[in-house]
Amino acid sequence: MLNHSNEDSEEDEEEGDGGRAKYVSIVTIFFSGFIPGFLQNLACFRRVAMLNVPSQSFPAASSQQRVAPAGQSGRNKVALKPGHSLMDWIRVAKSGRDLTGLRGRLIDVTEEELQKHNTRHDCWTCIRGMVYNVSPYMDFHPGGEEELMKAAGIDGTDLFDQVHRWVNYESMLKECLVGRMAVKASTALKAKSVIKDTITHLNGQAPPPSPTFMLPPAFLIPPSPSSLQPSAAPPPPQPKDARPRYDWFQTDVTVNIVVFTKRKLPNSGCTIVDLQDGVLRVEVLLGKMSYMLRQRLAQEVDGSVAVHTACAVGKIQVSMRKAAKGKWEELGEPLEFHDSLFRMKDRAIFYRECMLVSKTEVTHDTWVFRLQLPLGTLMHVPVGKHIYLKALIHDSEVVKPYTPVEETLVPATLDSTQGTAATDIFLMIKVYPDGVLTPHLNNLNIGDHLSVSSPDGPFSLRLLREVTHLYLLAAGTGFTPMARVIRLALQDLGSLRKTKLMFFSRQERDILWHSELDGLAAEDERFQVEYILSEPCDGWTGRKGRVEASMLTDFLLRPEGSKVFVCVCGPSAFTELTVGLVRQHCFSEEEIHAFQG
C-alpha cells in the first residue's frame, strides 16, 4: 500500500526545511553555483562542437514542466521555415560565418550595453553571466521568435530555466558568444564573504555559525535606533535545524556512511550512489531538494555498494567492503559540492556510462533498450521521473529525455513504488529514420555504452493520494510514463476503483504493448483501455480520429464522492490541446499532470 505520510514528507520538503536550513541552503547554493559556475562559463570560450536536441515531446505543454494555470498558454512550437531545421542550424554554426557581428572578438558586456541590443535583428541576451547574440538563431528556434524576444537585452537565465534548464545552451550557441557580463567589484567581494561563511567539515559537522548567519533575512536588516535600547523581551526562537547531516563508521572489513535526513522518506527510491575510480558520490532526493555527499575515499574498496533505508526514521546507510582489512584514519577528502543541499532545479545534471545489454522489438519501429548501470552505481528511477540520454554524434553532443518502463507491463515484483531495477534501466524508444539521436541508438551494438543521467522531473506520488478514478490520455510513445503509473495504480493504490487509458496511435501496428494491455484489461476489472487510430485500416472496428472534446465526454467521468486525476503525455501539440480539453470538462489544475515524454 502506498505510504501517504511518506509522500507528504517528500512533497512538503521545501517548506519543511525552514529556518536555518533554508538559509544555509540558499547561501550554499549561491557559493556552489557562483564560483564553480563562473569557472565553467570560462569553458564556453573553448571551441568544442556540442549540441542538444530538443525533444518533440519535451517540455510538455508548459514552461514550468507542469500544466499551466487556467487562462495561461503553455510554450508552443512554431512551424519552422524550410531550411531551418536542427541540422540546418548545425551547418550554419559550422559554416565559419560571423554570427556575433564582432569578427571573432570576445568582449566584456556592461548591463547598459546589453540593454541596447533588444531588437529582432540585434538581439543579445545573457545566460548565467555569458552574453549571446541570438539574432541569427531566431528563425531556427522551435519556440519561435516571440519566446526569444522575451529575453532581449536582459538577463534571460530565469526564463531559460523555466522552459528547458537541461539544454546545453553553451554548445547550442557557442558560435553566437559575444563575451561575458562585466562583474562589479562589490559583487566579487560579497561572493568572497559568502565563501568564507559556507565551509563545512568532514562527518557533516559544520563550524558554529555566526548569529547573523543562522537568522532569516528579516533579522539581517540594520536595527533602528529605538531597537538598540535595552528590552526585557526574549530573543526570537532559533529556527529548527532541518538540514540533513552525515557520519561514518567502520569495521575491519566494511566502511559505512550514514545519512540522517531528519524526515520520513518515500518508498519510491530516493538514493543514488556512484562509486567510480575511488570517488564516492551519494545523492539523496528529498522532494524539491537534493542532498549530496562527494568524497575521494582514503583507501580502496570493492566496486560494489549496498544501500539500506529506514524510511520511517529517515536514515540511509551506504556500505562498502574494504579492499584490505584494517583501520582507516579518515573517510577521505571532501570534493566540490560535498555535504551540500540544493534545490532540485538548481543541481547539475550528472551522467554515468551505461552498457547496452539487450534490445527487444515492440513494434515495427519501437524497441525496448535495456541499459546496465556500471559496477559501483545503484539508482532507482521513481515512477513518473525521466532520465536523459547523451551521445556524441557527428562531433556534437546530443541530449534527450526518456521515461523508463519496466521489462514488461506488469512485472512479477509486488512492490511498485520501488522504481526500476537498481542495476538495469529499460527505455521504450521509437526510432525515427530522419532523427538525430534515435538512429544512433538503433545502430548501437550490444556492449556499446551510452551516458545516462540521474532521475529528474516534478512528478510526485503524492498527486495520486486517495485517488479513486485515474484517467490516462497518451499518444504514441507518450504511453511510456503511463506504463509504470498503471502498474502502481493497480497494485498499490488501495483507494483506486477505476483506471482508464485512452491510447491514440496512427495505425493498429503502432500500438505499444497492445496484447499486454488487452490481457491486463481482461484480468483486472478496474482497468479499461480504448484505442483511437488516426489512420486505421479498413478492417479496424474501434474508434477513429484525433483527440476532441466529444471523445472525452464519456471518458472523463466524475462519480459522486470520487477523487479524480488525469495524466496526459504525447507530442507537445497533443499535450497542450488535450490539457485544454480536459480543463473544459471542469478539471482543475491540481487534478491534471502533463508528463515529459
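Predicted model, so just to flag it, every value in this text is computed and none were measured.
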Item to complete: Mind running side-chain contact (heavy atoms from CB on, under 4.5 Å) on Val582 and Leu552 for me, showing each step along the way?
Response: CA-CA 8 Å; Val582 172; Leu552 304 185; 4.3 Å; yes
Discussion item. Apply side-chain contact (heavy atoms from CB on, under 4.5 Å) to residues Ser505 and Tyr531 and explain how you reach the verdict.
Written reply: CA-CA 7 Å; Ser505 301; Tyr531 308 106; over 6 Å; no
Worksheet entry | Stepwise side-chain contact (heavy atoms from CB on, under 4.5 Å) test for Thr499 and Val485 | CA-CA 10 Å; Thr499 296; Val485 171; over 6 Å; no
Discussion item. Checking Phe426 against Met428 for the side-chain contact (heavy atoms from CB on, under 4.5 Å) test, could you report, in this order, the C-alpha distance in whole Å, the side-chain angles of both residues, the deciding distance, and whether it holds?
Written reply: CA-CA 7 Å; Phe426 298 90; Met428 185 180 290; over 6 Å; no
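Taking every heavy atom of both residues into account, Asp274 and Ile272 meet most closely at OD2-CG2, 3.8 Å. Listed here is the closest heavy atom pair of Asp88 and Gly83: OD2-C, 2.9 Å. The shortest heavy-atom contact between Gly435 and Pro439 is O-CG, 3.5 Å. Counting all heavy atoms, side chain and backbone alike, Met482 lies closest to Cys567 at CE-O, 3.4 Å.
Using a 4.5 Å heavy-atom cutoff, the side chains of Phe337 and Arg347 are not in contact. Looking at Leu286 and Leu265, their side chains come closer than 4.5 Å, going by heavy atoms from C-beta outward. Within the 4.5 Å cutoff, no side-chain heavy atoms of Val259 are placed close to those of Thr271. Residues Leu280 and Met320 form a side-chain contact, since some pair of their non-hydrogen atoms from C-beta on lies under 4.5 Å apart. Side-chain contact between Leu389 and Ile429: present, with at least one pair of heavy atoms (C-beta onward) separated by less than 4.5 Å. Contact of the Lys544 side chain with the Ser534 side chain is not registered, since no non-hydrogen atoms from C-beta on lie closer than 4.5 Å. You'll find the side chain of Arg484 reaches within 4.5 Å of the side chain of Val381, heavy atoms only. With a 4.5 Å cut-off on side-chain heavy atoms, Phe503 and Leu512 count as touching.
Checked against ring-ring contact (aromatic ring centres under 6.0 Å, His included), Phe574 has the following partners two or more places apart in sequence or in another chain: Phe504. Under the rule for a side-chain contact (heavy atoms from CB on, under 4.5 Å), the partners of Glu591 that lie at least two apart in sequence or sit in another chain are Arg558, Val564, Phe587, Ser588. Under the ring-ring contact (aromatic ring centres under 6.0 Å, His included) criterion, His449 pairs with no residue, sequence neighbours left out. Scored by the side-chain contact (heavy atoms from CB on, under 4.5 Å) test, Glu508 finds Ile511, His514, Leu533, Trp540 as partners (sequence neighbours excluded). Among residues two or more places apart in sequence or in another chain, the side-chain contact (heavy atoms from CB on, under 4.5 Å) test is passed with Gln507 by Arg509, Asp510, Glu535. Scored by the ring-ring contact (aromatic ring centres under 6.0 Å, His included) test, Phe555 finds Tyr471 as partners (sequence neighbours excluded). With sequence neighbours excluded, no residue forms a salt bridge (charged side-chain N to carboxylate O under 4.0 Å, His left out) with Lys498. Residues satisfying the side chain to side chain donor-acceptor pair (under 3.5 Å) test with Ser454, not counting sequence neighbours, are Arg352. Looking at residues two or more places apart in sequence or on another chain, you find no side chain to side chain donor-acceptor pair (under 3.5 Å) involving Glu516.
Each side chain to side chain donor-acceptor pair (under 3.5 Å) pair with one or both residues in residues 433-444, not counting sequence neighbours, appears once here: Lys359-Asn442. For residues 520-533, the set of pairs meeting the salt bridge (Lys or Arg N to Asp or Glu O under 4.0 Å) definition, not counting sequence neighbours, comprises Asp524-Arg526, Glu530-Arg543. Judged as a ring pair (Phe, Tyr, Trp, His ring centres under 6.0 Å), not a single pair has a partner in residues 358-379 (not counting sequence neighbours).
Aromatic ring centres of Phe459 and His593 lie closer together than 6.0 Å.
Within the 3.5 Å criterion, the main-chain N or O of Tyr388 finds a donor-acceptor partner in the side chain of Ser453. Under a 3.5 Å cut-off, the side chain of Thr480 and the backbone N or O of Thr477 do form a donor-acceptor pair. For the pair Lys385 (side chain) and Gly457 (backbone), a donor-acceptor distance under 3.5 Å is present. Checking side-chain atoms of His141 against main-chain N and O of Asp139 turns up no donor-acceptor pair under 3.5 Å. A donor-acceptor pair under 3.5 Å is absent between the side-chain atoms of Asp346 and the main chain of Arg343, judged by distance alone. Under the 3.5 Å distance criterion, the side-chain polar atoms of Thr575 are matched with a main-chain donor or acceptor of Gly570. Listed for the Thr468 side chain is a donor-acceptor partner under 3.5 Å among the backbone atoms of Lys563. Remark: the backbone N or O of Arg128 is paired with a side-chain donor or acceptor of Thr157 at under 3.5 angstrom.
The OG1 atom of Thr423 lies 11.5 Å from the CG atom of Leu371; values are rounded to the nearest 0.5 Å. For the atom pair OG of Ser451 and CD1 of Ile387, the computed distance is 10.5 Å after rounding to the nearest 0.5 Å. Rounded to the nearest 0.5 Å, atoms CD1 (Ile592) and CG (Leu473) are 10.0 Å apart.
The aromatic rings of Phe479 and Trp513 sit perpendicular to each other, their planes meeting at more than 60°, with 30° as the lower class boundary.
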